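Taking it in order: structure first as structure tokens, then the write-up.
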Amino acid sequence: MKKTISATVSWVGKVDWELERFHGDEYSTHKGSTYNSYVVEEGKTVLIDTVWKPFAKEFVDNLEAEGLLSKLDAVIAQHGEIDHSGALPELLRRRPDLPVYCTANGVKSLKGQYHADWNFQVVKTGDEYDLGNSKKLVFVEAPMLHWPDSMFSYLTGDAILFSNDAFGQHLATEKLFNDLVDQNELFHECIKYYANILTPFSPLVIKKIEEVLSFNLPLSMIATSHGVIWRDNPAQIVHKYLEWAKDYQEDRITILYDTMWEGTRIMAETLARSINEASPETTVVAHCLSKFDKNDALTDVFRSKAVLLGSPTVNKGILTAVAAILEEAKGLKFRNKKAAAFGTYGWSGESVPLLTKALGEAGFTVVDDGLKALWSPDSSSIEAISAYARGFVEKI
Ligand code: FEO
């Protein structure tokens, strides 16, 4: 249902409390999400983005019930991904005359997904949509935030930046604004979202933010496409993004591992205990990858200055949960992270050299050849693991 944001802007999106997985099964959404859609009612009435496909009919029915469907003069499709464009087919079935403003890449992605030849109006950075009443929407292309087709829209007068995926978070809430929700929960979801979605595009994040800041535009709100609208000090999330985009790290070490018969688990626990003894001010976390949420593990990697990755040797290789996290890490292109490998073995012992090589290929700075333990660690192995942990702390 319609909720007021400013004198002429309303939220008309969908709160998805049930959502547990996003991007297929790739991203865990423990707190649900929202698909934010906005309507600007000036001389012209314009819809900015829609909602995910399962909610298309409900969304367009709501627009009709609010008397908005027949009033619309245009729809702005800031990003073609289906969580924002999913209601366009239903909307345009009922309003086929409606122009669709999007980037040139937006046309490609919308045509590619919906196979429809809508009334596309291609825009680029600096183009404007005249809303009447001396107000306009100014478009800013934002490629890779999140897809090559993404763009922002800036509403003059109200000074609202509609940022689509950028500055969002997967957080279902009926509270529209950032100052009305639990701050720890909010920033946890923000950093998880950045770590798992935007990390590979950090250089573009910096460039785009610097470009937008150079316009010296007043900013009263950042209206994202997921989660809350930033109205209380909206610049705070911009500064967080700049911090996260610039080789971010905390005084934190993350230990990720999987285990078959507990030997590698004992190594992980010994490493955690010994790192804590050697460097009490450092936060240490250890996660068993076959049990722990993958996206939460990757968030910890993003926050860390160093990572220890462990697997026993299995069939001259590594366990699949560990292989999966390496594949994710390779794509996310973490920077400014040191790393090393560890693992138990009974016969051939390939896991540690394989992990060491893979960590380097994924962009980590590998500090040594890693740590092997034969069979299940005994007391002398435990002492060797502790000594290794002390040395690891020295190296980072
Ligand atoms: Fe929220 Fe890239 O879609």
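It should be emphasised that the depicted structure is a prediction, and the values quoted were computed from it without experimental measurement. When a ligand or atom number is given, it counts from 1 through the structure's own listing order.
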Legend entry - atom 1 (Fe) of ligand 1 to nearest N/O/S of His146 less than 2.8 Å: no

Inset, instruction - Just do the ring-ring contact (aromatic ring centres under 6.0 Å, His included) check on His226 and His146 with the steps written out, would you? - result: CA-CA 12 Å; His226 296 292; His146 160 227; 9.1 Å; no

Legend entry - Metal check, atom 1 (Fe) of ligand 1 vs Asp165 N/O/S, cut-off below 2.8 Å: yes

Inset, instruction - Determine, for Lys135 against Asp158, whether the closest basic-nitrogen to carboxylate-oxygen distance falls under 4.0 angstrom. - result: yes

Inset, instruction - Check all N, O or S atoms of His226 and name the one closest to atom 1 (Fe) of ligand 1. - result: NE2

Legend entry - Polar side-chain atom of Ser220 near backbone of Ala159 as donor-acceptor pair, under 3.5 Å: yes

Inset, instruction - Give me the ring orientation class for Tyr257 and Phe342: parallel if the planes are under 30° apart, tilted from 30 to 60°, perpendicular past 60°. - result: tilted

Legend entry - Identity of the N, O or S atom of Glu81 lying closest to atom 2 (Fe) of ligand 1: OE1

Inset, instruction - Flag His79 as yes if one of its N/O/S atoms falls below 2.8 Å of atom 2 (Fe) of ligand 1, otherwise no. - result: yes

Inset, instruction - Classify the angle between the aromatic ring planes of Tyr248 and Phe302 as parallel (below 30°), tilted (30 to 60°) or perpendicular (above 60°). - result: parallel

Inset, instruction - Check Asp83 and report its N/O/S atom nearest to atom 1 (Fe) of ligand 1, by atom name. - result: OD2

